[in-house]
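What follows is one structure encoded as structure tokens, with my remarks underneath.
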Amino acid sequence: MPETTGGLVGSPAGSAAQDTAQRLMRAAVEAFAERGFHATTTRDIASRAGMSPAALYIHYRTKEELLYRISLVGHERSVRILTEAAEGPGGPVERLTAAVTSFVRWHAERHTTARVVQYELSALAEEHLAEISALRRRTGEIMRGILAEGVAAGQFEIPHIRSTARAILSLCIDVSRWFDPSGPDGPDVLAARYAALVLRMAGAGGGAEAGGAPAGTVTGSSG
């Protein structure tokens, strides 16, 4: 399934200015993913969006602000995905399964966007990086909460919750770095396999087999 980069701007499209801002963000995602932030110029972005460089500055003061906006929307989406899973139905096993399934699927279906969101952080200005870092810490808190509930309920065996949470999130995020939409395994298959793997990491008995969907897997698109 081809990736789309829609939904990058927080508010719904409608006005001409909003549509233009979205076009610029999509163009920036493509350019940053292809060339990296530092090798990309504002002219590159404007050209991809079919605009002049001067038009870009009407909507974004700097190239860094574009990266910040992309990163902010992506990290807010990450927090929302994990929060919905953590507050969802079932016990810790079902919620961990839902969290990993949704998080992996998003990083596969939106792999180009997610790669920019997750791997271009060093280019952010100090104040922007601080804001994004707070959102990243929140994702860690949510994952640790799910794991801690499972340990307290006797469903998980995890000696080091913080390290395990970090490892789980890293596995999910890294999908965006290597995912190939033309490969043999689509987002749903990868999500199911990663969920089964994470359940084994957590010491949860009765995890699904590597090729199948674990109990509680959500099969609808989360992108």
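For the numbers below, each heavy atom of this structure counts, side chains included, while hydrogens, waters and symmetry mates do not.
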About how many Å separate [atom2] of [Y] and [atom1] of [X], when rounded to the nearest 0.5 Å?
| X | Y | atom1 | atom2 | answer |
| --- | --- | --- | --- | --- |
| Ile142 | Leu147 | CD1 | CG | 12.0 Å |
| Glu64 | Leu124 | CD | CG | 5.5 Å |
| Leu129 | Ile132 | CG | CD1 | 8.0 Å |
| Arg77 | Thr113 | CZ | OG1 | 10.5 Å |
| Asp174 | Tyr194 | CG | OH | 7.0 Å |
| Arg110 | Arg115 | CZ | CZ | 14.0 Å |

Identify the two heavy atoms, one from [X] and one from [Y], that lie closest to each other, and give their separation to 0.1 Å.
| X | Y | answer |
| --- | --- | --- |
| Val29 | Thr112 | CG1-CG2, 3.9 Å |
| Tyr119 | Ser176 | CE1-OG, 3.7 Å |
| Met201 | Ile168 | CE-CG1, 4.0 Å |
| Ile81 | Ser102 | CG2-CB, 3.5 Å |
| Ala85 | Ala98 | CB-C, 3.8 Å |
| Phe179 | Gly186 | CE1-C, 4.4 Å |

Side chains of [X] and [Y] in contact at under 4.5 Å (non-hydrogen atoms):
| X | Y | value |
| --- | --- | --- |
| Ile173 | His107 | yes |
| Ile161 | Phe156 | no |
| Leu171 | Leu197 | yes |
| Leu121 | Arg136 | yes |

Looking at [X] and [Y], would you say the former's side chain and the latter's main chain have a donor-acceptor pair under 3.5 Å?
| X | Y | answer |
| --- | --- | --- |
| Glu94 | Gly91 | yes |
| Thr40 | Ala31 | yes |
| Ser71 | Leu67 | no |

Handout entry: Trace of the side chain to side chain contact (heavy atoms under 4.5 Å, CB included) decision for Val73 with Val117
Key = CA-CA 9 Å; Val73 172; Val117 167; over 6 Å; no
Problem - Phe37 and Phe32 aromatic ring geometry - parallel, tilted or perpendicular at 30°/60° bounds - result: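 Correct class here is tilted.
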Can you list, pair by pair, the side-chain donor-acceptor contacts under 3.5 Å of residues 44-55, counting residues two or more places apart and other chains?
from	atom 1	to	atom 2	distance (Å)
Asp44	OD1	Arg35	NH1	3.3
Asp44	OD1	Thr41	OG1	3.4
Asp44	OD2	Arg35	NH1	2.7
Asp44	OD2	Thr41	N	2.9
Asp44	OD2	Thr41	OG1	3.1
Arg48	NH2	Glu34	OE1	2.9
Arg48	NH2	Glu34	OE2	3.2
Ser52	OG	Ala55	N	3.3

Handout entry: Glu76 atom CD, over 12 foreign heavy atoms within 6.0 Å
Key =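 Check passes, neighbour count above 12.
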Handout entry: Test item: side-chain donor near acceptor, Thr42 and Tyr57, under 3.5 Å
Key = yes
Problem - With Glu149, the side chain to side chain donor-acceptor pair (under 3.5 Å) member among Arg144, Gln155, Arg95 - result: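 With Glu149 as partner, side chain to side chain donor-acceptor pair (under 3.5 Å) holds for just one option, Arg95.
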